[in-house]
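Below, each value reflects all heavy atoms present in this structure, side chains not excepted, and no hydrogens, waters or symmetry copies.
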Amino acid sequence: DAGVTQSPTHLIKTRGQQVTLRCSPKSGHDTVSWYQQALGQGPQFIFQYYEEEERQRGNFPDRFSGHQFPNYSSELNVNALLLGDSALYLCASSPGLAELYNEQFFGPGTRLTVL
Amino acid sequence: AQSVTQPDIHITVSEGASLELRCNYSYGATPYLFWYVQSPGQGLQLLLKYFSGDTLVQGIKGFEAEFKRSQSSFNLRKPSVHWSDAAEYFCAVGLYSSASKIIFGSGTRLSIRP
């Protein structure tokens, strides 16, 4: 079992550009959540996808959007990049509609640097 | 508002020594509490979680944590640390009303002295 995989590992963009990050959930998981982890901080919840719909959202602007595909993989899109978007972006997957007692498994993350 | 505080940014302990990482939370109801570990280049791994019941929770890798409602704390302990325990540790609280929307503390970096 490959666990949660994310691509790319690292990414460098300039301000104003757009970026797409990808996540493949652990086998058997159908719920994907995205988190942003700034340097020296804990992860912050961005949003969660289940059945190809955004189910919950954290306090992030509309520049952050996502998508879930029928195979449960997911994308995170960020438009009009700002310097402050530089962070490690983590994807987590879980079975079912992510009740807290269903453990979330995290991927290794994508390190985004905005110059 | 819900919040999680980890007062220690960085802790160094000697290999074989005991460890306690502190975590305090602010939440209006009985919280769901978690401890995660993050090693460089790796994702977060769940060490243990508390939902209800016995306030002393056993986790993986020899870790345990104790929920103290009166102190709003959920401290992580290990009786004897190993060099491989060096990592970043995050305490987190789960929101009862929003499954999977976990609020993380800012983390404690653990270094191990040989």
Side-chain angles (χ1 to χ4, degrees), chain A residues 2-10 21 23-26 29-50 54-60 68 74 87-111, chain B residues 1-10 21-27 29-53 57 59-60 74 76 87-109:
Chain A
V4 180
T5 60
Q6 294 186 242
S7 62
T9 305
H10 296 89
L21 311 181
C23 171
S24 292
K26 182 178 171 65
H29 288 186
D30 55 8
T31 302
V32 173
S33 299
W34 286 92
Y35 292 80
Q36 180 195 65
Q37 185 178 14
L39 198 61
Q41 299 296 317
Q44 280 192 292
F45 177 80
I46 302 175
F47 43 53
Q48 176 194 71
Y49 277 84
Y50 173 73
E54 182 182 297
R55 298 290 178 161
Q56 297 185 64
R57 189 178 183 91
N59 189 26
F60 280 81
Q68 185 178 35
S74 177
L88 180 68
Y89 288 84
L90 297 167
C91 169
S93 73
S94 55
L97 191 53
E99 297 298 331
L100 284 172
Y101 47 80
N102 287 336
E103 179 181 346
Q104 290 188 72
F105 287 79
F106 284 80
T110 294
R111 172 73 62 186
Chain B
Q2 299 84 3
S3 66
V4 179
T5 302
Q6 294 181 248
D8 303 306
I9 296 174
H10 184 205
L21 301 182
R22 296 183 291 165
C23 173
N24 294 96
Y25 65 89
S26 172
Y27 189 55
T30 300
Y32 298 144
L33 295 163
F34 307 83
W35 274 99
Y36 284 85
V37 60
Q38 185 176 36
S39 299
Q42 298 186 23
L44 295 164
Q45 182 182 23
L46 180 66
L47 287 175
L48 46 78
K49 60 190 176 187
Y50 171 80
F51 288 161
S52 64
V57 181
I60 62 172
F74 188 57
L76 181 71
E88 189 90 21
Y89 290 81
F90 293 94
C91 180
V93 60
L95 304 185
Y96 180 80
S97 60
S98 300
S100 87
K101 190 173 178 178
I102 297 176
I103 296 177
F104 288 84
S106 55
T108 296
R109 183 162 63 93

(message) Within a 6.0 Å radius of atom CZ on B:Arg109, are there more than 12 heavy atoms belonging to other residues, nucleotides or ligands?
(response)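 Counting neighbours around CZ of B:Arg109, 12 or fewer heavy atoms of other residues, nucleotides or ligands fall under 6.0 Å, so no.
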(message) I'd like to know whether CD1 of B:Ile60 has more than 12 heavy-atom contacts from other residues, nucleotides or ligands below 6.0 angstrom.
(response)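 Count over threshold, so yes.
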(message) Quick check on A:Arg57 against chain B: is it the side chain, the backbone, both or neither that has a heavy atom closer than 4.5 Å?
(response)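 Only the backbone of A:Arg57 comes within 4.5 Å of chain B.
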(message) Taking side chain as everything from C-beta outward and backbone as N, CA, C, O, which of these in A:Gln44 sits under 4.5 Å from a heavy atom of chain B? Side chain, backbone, both or neither.
(response)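 Contact with chain B: none, neither part.
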(message) A side-chain contact here means heavy atoms from C-beta on lying under 4.5 Å apart; do A:Phe105 and B:Leu46 qualify?
(response)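 No; the side chains remain at least 4.5 Å from each other.
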(request) Report yes if the side chains of B:Phe90 and A:Gln37 come closer than 4.5 Å at any heavy-atom pair, otherwise no. (result)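 Of all side-chain heavy-atom pairs linking A:Gln37 with B:Phe90, at least one is under 4.5 Å.
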(message) The test is ring-ring contact (aromatic ring centres under 6.0 Å, His included); show your working for B:Phe104 and A:Phe45 and say whether it passes.
(response) CA-CA 9 Å; B:Phe104 288 84; A:Phe45 177 80; over 10 Å; no
(message) For the interface with chain B, which of A:Cys91, A:Pro43, A:Gly58, A:Ala92 has the highest count of heavy-atom pairs at distances below 4.5 Å?
(response)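 It is A:Pro43.
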(request) Counting only heavy atoms closer than 4.5 Å, note whether B:Glu88 contacts chain A via side chain, backbone, both or neither. (result)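 The answer is neither part of B:Glu88.
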